[in-house]
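Take a look at the structure below.
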Amino acid sequence: MKHTRLFVIAALALFAAAVLAQSGTVNQRLEAAIKLWKEDKKTEATSALEGLVKDAPDNADVLQWLGYVYLQQDRAQDAIPHLEKAATLAPKSVEIKSNLGAAYLAVKDYDKALRAFGDVVVAQPSFFEAWYNIGNIRLKQGENDKAIQAYEKALAIRPSDPFAKNNLGAAYTNKGNNEKAAALFAAASDAKPDRASFAQNAGLAYLRCGKPREAIPYLERADKIQPNDSDTIAGLAQAYAATGSPAKAMTMLTQAASRAPGDAVLWYNLGVLYGKQNSWSDAAACYEKALAITPDDTDALLNLGLAQFNMGHYADAETSFTKLLGLKDSTDARLNLAATKAKLDKLPEAVPLWKDVLQKLPARHDVRLSLANALYQLNDLDGARFHYKQVLLANPKNAEALNGLGLLAYKANNMAEAEKQFRAAIAADENFAQPYNNLACVLERNNKKAEAIKMLKKALAIDPDFADAKRNLDRLKSIGS
């Protein structure tokens with residue numbers, strides 16, 4: 001009987017609150033509606049407040065509460081007119097302005113939200129939530145310096161808040177300050193170790209800093225909280241590989257990819273790991289799986305082309321780089337495609353690609369040398385000479401350019417100039433094999449066979465697979481027998 005009577009009393013109390021919310025003075029009805037809300041009677045509270053607004057349309061407290069209740073039920077659009085009217089009726093209320101700012105933020109009206117939160121911090125500079133939300137808006141707008149200022153204001157009020165620290169870390173990440181970002185993400189994760197995103201942010205930031213050992217505990221924490229997240233797994237694999245555990249990294253990525261064969265990120269990162277081991281066919285297979293899922297992934301397409309190039313599959317690489325250039329007009333895409341066309345003996349198609357790059361980046365002397373060498377092979381000797389000399393204007397001791405001028409002199413039958421340039425190339429870089437071979441050819445023309453043989457042996461000591469030097473050495477030896 002005791003339990004029954006208590007139940008009846010409780011039921012009567014709730015009934016009384018519901019009745020009072022529909023009758024009595026405005027304040028009594030408001031207090032009753034608030035009581036219903038706090039007792040998790042959301043439908044009844046909302047209905048009571050909606051009725052109360054009809055009867056008291058100019059009561060700021062009633063309008064504020066209905067706006068707040070709508071906001072808490074993800075009905076920001078419904079909340080805004082009531083909160084705007086409440087703010088007009090009570091312009092000094094920071095609570096109303098704060099809720100209005102939150103409603104504007106929820107509907108992505110960032111300018112109005114900033115004005116509302118700005119009014120709050122002017123009236124009450126110690127209002128943490130307003131500074132925090134100003135930071136969030138600035139971060140969304142890409143105004144990282146202003147976001148940093150706002151988050152720092154928030155943290156001056158509440159120094160241990162992990163959410164403000166995490167978002168401040170995001171702003172520093174956007175500015176490229178990964179060291180500071182990593183420290184903030186780590187502090188956020190340590191303060192709230194059950195939040196997977198904070199731990200992941202810390203681990204990935206440490207990786208960007210080149211600190212894989214520091215990254216591992218945070219990425220392991222993230223993986224424990226939220227297993228099988230592809231970004232976490234990829235980061236962990238990278239950290240394991242960088243700290244001397246490539247087998248562990250490979251196992252982790254392989255297992256993850258088998259569990260989630262539709263996850264392109266996992267296949268991409270597995271391809272990267274195979275590439276680091278020079279397992280190019282396995283790398284290519286992984287990139288192809290990633291591209292089957294996300295066909296326009298330019299990073300995967302670039303790496304697939306590089307893997308195909310390293311395997312000597314130049315026609316396939318040409319296809320990959322051509323597609324890449326169609327998706328993303330980048331210097332890397334042009335240079336890789338040019339290098340591939342050169343391997344396919346398509347120098348006339350490679351030349352305009354190198355010229356396009358030089359038009360935008362005239363200081364890329366490595367590209368200028370590739371262009372000069374190609375022009376030499378295409379018998380555009382004036383063009384080759386121009387580009388070799390342009391390189392030498394910037395770097396008078398560039399061995400490849402000196403060697404190029406030597407080849408031009410040799411072709412013009414100017415043996416004295418050729419010898420001078422080849423010897424200058426050797427002096428500039430004694431580990432560059434080609435001028436030794438070329439100098440040997442000049443020496444042979446000058447009947448200095450013994451010295452020529454000596455030069456060819458030096459070339460082969462530098463590059464044992466140098467086919468021209470081998471052939472010339474064998475020929476000179478056979479002449480002497």
Practice task
Could you grab the distance from atom CG of L353 to atom CG of L358, nearest 0.5 Å is fine?
Solution key: 11.5 Å
Exercise for the section: Check the side chains of D229 and Q200 for a donor-acceptor pair under 3.5 angstrom, ignoring hydrogens and angles. Expected result: yes
Problem - W354 side chain near R364 side chain, heavy-atom distance below 4.5 Å - result: no
Handout entry: salt bridge (Lys or Arg N to Asp or Glu O under 4.0 Å) between D145 and R138, worked out
Key = CA-CA 8 Å; D145 288 329; R138 294 301 191 188; over 6 Å; no
Problem - side-chain contact (heavy atoms from CB on, under 4.5 Å) between R259 and L266, worked out - result: CA-CA 10 Å; R259 286 194 306 267; L266 295 173; over 6 Å; no
Problem - Expected output: side-chain N310 to main-chain L306 donor-acceptor under 3.5 Å - result: yes
Handout entry: Polar contact flag, side-chain donor to acceptor under 3.5 angstrom, S320-Q308
Key = yes
Problem - Note, Q141 side chain near D111 side chain (heavy atom, < 4.5 Å) - result: yes
Exercise for the section: Quick one: sort the W37 and Y68 rings into parallel, tilted or perpendicular, breaks at 30° and 60°. Expected result: perpendicular
Exercise for the section: Evaluate the side chain to side chain donor-acceptor pair (under 3.5 Å) criterion for residues S98 and E129: first the C-alpha distance (whole Å), next the side-chain angles of each, then the deciding distance (0.1 Å), finally the verdict. Expected result: CA-CA 8 Å; S98 179; E129 287 79 7; over 6 Å; no
Handout entry: Crowding at NZ, K42 (>12 non-hydrogen neighbours, <6.0 Å)
Key = yes
Exercise for the section: Starting at CG of N166, measure out to OG1 of T173 and round the result to the nearest 0.5 Å. Expected result: 9.0 Å
Handout entry: Sequence neighbours excluded - salt bridge (Lys or Arg N to Asp or Glu O under 4.0 Å) pairs with any residue from residues 352-361
Key = R334-D356
Handout entry: Within 6.0 Å of NZ in K153, more than 12 heavy atoms from elsewhere
Key = no
Handout entry: Donor-acceptor under 3.5 Å (R195 side chain, P162 main chain)
Key = no
Exercise for the section: Please state whether the rings of F128 and Y132 are parallel, tilted or perpendicular, taking 30° and 60° as the class boundaries. Expected result: parallel
Problem - Sidechain-backbone polar pair: Y268 side chain, A300 backbone, donor-acceptor under 3.5 Å - result: no
Exercise for the section: Given salt bridge (Lys or Arg N to Asp or Glu O under 4.0 Å), test K85 with D58 step by step and report yes or no. Expected result: CA-CA 8 Å; K85 188 172 182 181; D58 295 322; 3.1 Å; yes
Handout entry: Partner of Y218 by side chain to side chain donor-acceptor pair (under 3.5 Å), out of D223, N201, D190
Key = D190
Practice task
Look at the side chain of R368 and the backbone N and O of P362, then say whether any donor-acceptor pair between them is shorter than 3.5 Å.
Solution key: yes
Practice task
Kindly indicate whether the side chain of L369, heavy atoms from C-beta on, has any atom under 4.5 Å from the side chain of N398.
Solution key: yes
Completion exercise
Value for OG (S160) from NZ (K192), rounded to nearest 0.5 Å, stands at 12.0 Å
Fill in the blank from the handout: Output for pair (L100 CG, I80 CD1), nearest 0.5 Å, gives 7.0 Å
Problem - Inter-residue atom distance N177.CG - L184.CG, 0.5 Å rounding - result: 9.0 Å
Exercise for the section: Report yes if some heavy atom in the side chain of I96 is under 4.5 Å from a heavy atom in the side chain of L89; otherwise report no. Expected result: no
Completion exercise
Distance col, row K165:NZ vs F198:CZ, nearest 0.5 angstrom, shows 11.0 Å
Problem - Close side-chain approach of R75 and T46, heavy atoms under 4.5 Å - result: yes
Exercise for the section: Measure the shortest side-chain to side-chain distance between L168 and I148 over non-hydrogen atoms and say whether it is less than 4.5 angstrom. Expected result: yes
Handout entry: F309 and Y314 aromatic centres sub-6.0 Å
Key = yes
Practice task
State, yes or no, whether a side-chain contact exists between K97 and Q124 at a heavy-atom distance under 4.5 Å.
Solution key: no
Practice task
Find out whether L139 and N144 are in side-chain contact, i.e. whether some heavy atom of one side chain is under 4.5 Å from a heavy atom of the other.
Solution key: yes
Exercise for the section: Can you run down the side chain to side chain donor-acceptor pair (under 3.5 Å) pairs that involve residues 275-287, sequence neighbours left out, and say none if there aren't any? Expected result: Y287-N303
